[in-house]
Amino acid sequence: MAVEFPPLPTPEDDERYGVIYADPPWDYKGQLQHAGPGSGDSGGAIRHYDTVRLTDLMELDIAAIAADDSLLFMWATSPHLDQAIDLGKSWGFAWATVAFVWDKQRVNPGFYTMSQCELCLVFKRGRIPAPRGARNVRQLVSAPREAHSRKPEEVRRRIEVMFPRQRKIELFARDEDIHGWDAWGAEIAHPQAQRTFWEPDKREATES
């Protein structure tokens, strides 16, 4: 594997994660985005971070950190939908459905139609983790596109509303100090194996 990831956390059985949120660095084989003839490229994943082949992503032992009853929320670009489903299954989860559709409010060039949306899939291991929070969370998220590949904070917030009490971790994270979440990935300053950020939401504990 070309990218040097830090070790995954090694939680005890009763501390494994009920919610795993992942934005894999999909491999485009060096392909760049183009806006049309003579326009040159307008960027691509490889311009911003190291991409990882599907076979290498499959080697990550995500099942070892997942609770028996847990969910995997995974971002997938449209060209990688089939790979995303294969990856979720290889990590020990069953395909469930599309959790969120992100309307980026801007279009990207495409080979077929102009791309405007990105999908966050959800996979299930065992049963849906309990206790559950809100069950009326909307699928559509309309938020402007920001830095390349950065996902809207609203999606993480909605996951928190749905599952406020579960241990949560973000894989391939860029931000490491998000309240209520552990973080793991090559782009954060300190490997998760050496730090723990997760703690129960004190507001939830008070309200209960």
Side-chain angles (χ1 to χ4, degrees), residues 8-9 11-24 62-63 65-78 81 84-85 87-89 91-106 116-147 149-185 187-188 192 195-208:
L8 284 164
E12 300 293 333
D13 287 347
D14 62 348
E15 295 181 342
R16 290 182 295 167
Y17 298 98
V19 171
I20 297 173
Y21 180 49
D23 185 14
I62 304 305
I65 67 172
D68 292 339
D69 295 332
S70 55
L71 296 178
L72 166 66
F73 292 88
M74 181 194 296
W75 285 100
T77 61
S78 295
L81 284 179
I85 292 174
L87 181 58
K89 291 179 178 179
W91 285 350
F93 292 81
W95 160 245
T97 188
V98 175
F100 299 102
V101 177
W102 174 27
D103 170 18
K104 301 181 181 182
Q105 302 180 4
R106 292 175 58 188
Q116 185 169 334
C117 295
E118 193 166 338
L119 304 180
C120 182
L121 316 180
V122 63
F123 301 78
K124 183 175 68 169
R125 173 184 167 104
R127 299 181 178 182
I128 296 177
R132 296 181 66 173
R135 301 196 186 196
N136 61 346
V137 170
R138 298 293 183 94
Q139 183 184 59
L140 180 64
V141 176
S142 184
R145 186 182 64 191
E146 298 181 6
S149 190
R150 183 171 288 278
K151 302 306 185 289
E153 296 295 327
E154 176 65 14
V155 171
R156 191 190 288 106
R157 189 196 70 79
R158 292 189 191 187
I159 294 172
E160 292 171 352
V161 170
M162 294 165 64
F163 298 98
R165 297 183 179 273
Q166 282 69 26
R167 290 183 65 89
K168 304 175 184 69
I169 187 170
E170 181 173 350
L171 305 181
F172 313 104
R174 293 179 174 181
D175 303 313
E176 57 186 316
D177 292 315
I178 297 172
H179 177 75
W181 293 77
D182 287 352
W184 174 90
E187 294 189 57
I188 60 178
Q192 170 61 31
R195 297 183 62 187
T196 300
F197 309 112
W198 187 91
E199 62 179 276
D201 192 318
K202 296 180 177 61
R203 291 168 297 178
E204 288 289 335
T206 302
E207 292 170 1
S208 63

**Request:** In plain terms, say whether Arg167 and Asp182 are close enough for a salt bridge, that is, a side-chain N and a carboxylate O under 4.0 Å apart.
**Result:** yes
**Item:** Residue pairs, two or more places apart or on separate chains, that pass ring pair (Phe, Tyr, Trp, His ring centres under 6.0 Å) and touch residues 150-172
**Value:** Phe5-Phe172, Phe172-Trp184
**Request:** Look up atom CZ in Arg150 and atom CG in Asp175, then write down how far apart they are to the nearest 0.5 Å.
**Result:** 4.5 Å
**Message:** Applying side-chain hydrogen bond (donor to acceptor under 3.5 Å, both in side chains) as the test, list every pair that has at least one member in residues 94-105; sequence neighbours left out.
**Reply:** Asp103-Gln116, Asp103-Ser142, Lys104-Glu118, Gln105-Ser142
**Donor-acceptor under 3.5 Å (Arg16 side chain, Ala66 main chain)** = yes
**Prompt:** Could you state the interatomic distance from CD1 (Ile65) to CD1 (Ile20), rounded to the nearest 0.5 Å?
**Reply:** 4.5 Å
**Message:** Looking at Val98, is its backbone amide N or carbonyl O close enough to the side chain of Gln139 to form a donor-acceptor pair, meaning the two atoms are under 3.5 Å apart?
**Reply:** yes
**Residues Glu160 and Arg156 bridged, charged N to O under 4.0 Å** = no
**Message:** Test side-chain contact (heavy atoms from CB on, under 4.5 Å) on Leu72 and Arg125; report intermediate values, then the result.
**Reply:** CA-CA 8 Å; Leu72 166 66; Arg125 173 184 167 104; over 6 Å; no
**Asked** Counting distance only, does the side-chain N/O of Lys124 pair as donor-acceptor with the main-chain N or O of Val122 below 3.5 Å?
**Response** no
**Prompt:** Can you list the residues that meet the salt bridge (charged side-chain N to carboxylate O under 4.0 Å, His left out) rule with Glu15, with sequence neighbours excluded?
**Reply:** none
**Item:** Test item: Arg158 side-chain N/O and Arg138 main-chain N/O as donor-acceptor pair under 3.5 Å
**Value:** yes
